[in-house]
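Below is one structure, written out as structure tokens, with a few remarks after it.
Remember, it's 1-based here, ligands and their atoms both numbered in the order they're listed. Residue numbers start at 1 and run along the sequence shown. What you see is a predicted model; the values in this text were computed from it and never measured.
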Amino acid sequence: MNKDIEKILVTEEELAEITKKLGEQITRDYAEKKLLIVGVLKGSIYFLTDLSRHIDLPCQIDFIQASSYGSSTVSSGVIKITKDIAEDLTGFDVLLVEDILDTGKTLKHIHDMLIKRNPESIAVITLLDKPSRREADIHADYVGVDVPNAFVVGYGLDYDQFYRNLPYIGILKEEVYKK
Ligand code: IMP
Ligand code: MG
């Protein structure tokens, strides 16, 4: 285990089970639909690539990136889109893929922006949910697993752009970010 990790919260084996189960559920729910999978960069990439391999349907994949000003562990809610997707989403059933729903401010901003582009539907899937932290009026239609209010990294999630490549989700030791 990485020396900066306090405890592993979700193991590689559990991640494989979660992505398979969710992919199969999406496959059932989106049959006959025009699925556009939109990953929120960068944290969702590991989840999206594993999840999408279990989605047995024709689909398109794109990415959107938002930056939120603030410290490295809390998002400020002031959000700027730094990479966008198509302006016209007419006919598409959009599935927004997030690594973690924390306050929900980032996803709420993206959701409200995309809803104006006339999609057929928009749903949200998040690997991790911290429901106790929610401030924005947004919920996930699909959740991998609820996590406690701790700062977690790995499998795409970062602290200061590091730790994304850990194959599991772990709680970061406080001493790493509280200096
Ligand atoms: P929100 O706008 O507060 O919901 O923040 C969402 C974004 O903050 C996520 O997409 C993550 O990039 C980041 N974030 C929130 N909590 C954590 C965490 O525990 N570890 C790593 N990144 C996090
Ligand atoms: Mg992030």
Side-chain angles (χ1 to χ4, degrees), residues 1-12 14-15 18-19 22 36-52 61-85 94-116 122-179:
M1 186 167 77
N2 184 289
K3 67 172 178 25
D4 296 337
I5 299 300
E6 182 83 53
K7 182 187 163 199
I8 295 180
L9 262 191
V10 193
T11 65
E12 279 189 75
E14 287 165 339
L15 287 165
I18 290 167
T19 49
L22 289 171
L36 171 61
I37 300 172
V38 178
V40 181
L41 290 173
K42 304 172 192 167
S44 70
I45 55 169
Y46 289 75
F47 178 43
L48 187 150
T49 53
D50 284 343
L51 174 76
S52 59
I61 298 178
D62 206 347
F63 294 93
I64 196 163
Q65 186 161 30
S67 71
S68 137
Y69 300 94
S71 78
S72 332
T73 56
V74 199
S75 84
S76 65
V78 183
I79 288 132
K80 191 173 152 236
I81 300 296
T82 51
K83 191 230 168 280
D84 205 347
I85 59 165
V94 176
L95 183 64
L96 271 174
V97 184
E98 253 289 30
D99 51 356
I100 185 164
L101 253 183
D102 189 35
T103 67
K105 290 174 183 170
T106 310
L107 210 62
K108 171 80 178 152
H109 181 92
I110 292 171
H111 182 277
D112 290 359
M113 181 182 89
L114 297 184
I115 205 94
K116 295 181 189 138
I122 299 190
V124 170
I125 182 167
T126 186
L127 173 63
L128 307 176
D129 195 3
K130 282 185 191 169
S132 64
R133 297 256 310 156
R134 197 66 29 79
E135 291 175 38
D137 178 21
I138 185 117
H139 79 282
D141 302 274
Y142 304 91
V143 175
V145 59
D146 283 355
V147 290
N149 185 15
F151 197 79
V152 296
V153 294
Y155 196 67
L157 289 114
D158 72 304
Y159 168 65
D160 225 1
Q161 300 302 327
F162 285 94
Y163 308 104
R164 292 193 198 275
N165 60 324
L166 298 180
Y168 48 81
I169 308 264
I171 296 179
L172 190 63
K173 284 184 182 163
E174 265 192 29
E175 67 203 48
V176 178
Y177 57 93
K178 285 199 177 145
K179 276 176 192 152

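- For ligand 1, the atoms lying closer than 4.0 Å to a non-hydrogen atom of T103 are 1 (P), 2 (O), 3 (O), 4 (O).
- Ring planes of Y159 and F151: perpendicular class, angle over 60° (limits at 30 and 60°).
- Take E175 and apply the side chain to side chain donor-acceptor pair (under 3.5 Å) test, not counting sequence neighbours, and it matches no residue.
- The neighbour count for K7 NZ, taken as heavy atoms of other residues, nucleotides or ligands under 6.0 Å away, does not exceed 12.
- For Y46, the side chain to side chain donor-acceptor pair (under 3.5 Å) test picks out no residue, with sequence neighbours left out.
- On a distance-only criterion, V153 and ligand 1 share no N/O pair closer than 3.5 Å.
- Of all heavy-atom pairs between D4 and L172, the closest is O-CD1, 3.5 Å.
- Atoms of ligand 1 lying under 4.0 Å from any heavy atom of L157, numbered from 1 in the order shown and given with element: 20 (N), 21 (C), 22 (N).
- The option from D99, I79, V40 that lies nearest to atom 12 (O) of ligand 1, judged by heavy atoms, is D99.
- Ligand 1 has an N or O atom lying under 3.5 Å from an N or O atom of V152, backbone or side chain.
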Derivation and outcome, side chain to side chain donor-acceptor pair (under 3.5 Å), residues N2 and Y163: CA-CA 9 Å; N2 184 289; Y163 308 104; 5.3 Å; no

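- Within a 6.0 Å radius of CG in D137, other residues, nucleotides and ligands contribute 12 heavy atoms or fewer.
- Distances from ligand 1 to the non-hydrogen atoms of D158 include at least one value under 4.0 Å.
- Between D112 and the options H109, K108, K116, a side-chain hydrogen bond (donor to acceptor under 3.5 Å, both in side chains) holds for only K108.
- Within the 4.0 Å heavy-atom shell around ligand 1 one does not find G43.
- When each atom of ligand 1 is checked for a heavy atom of T106 under 4.0 Å away, the hits are 1 (P), 2 (O), 5 (O), 6 (C).
- Less than 4.0 angstrom separates some heavy atom of K130 from each of these atoms of ligand 1: 16 (N), 17 (C), 18 (C), 19 (O).
- Each of the following atoms of ligand 1 lies closer than 4.0 Å to a heavy atom of E98: 10 (O).
- Listed by number with element, the atoms of ligand 1 under 4.0 angstrom from any heavy atom of A150 are 19 (O).
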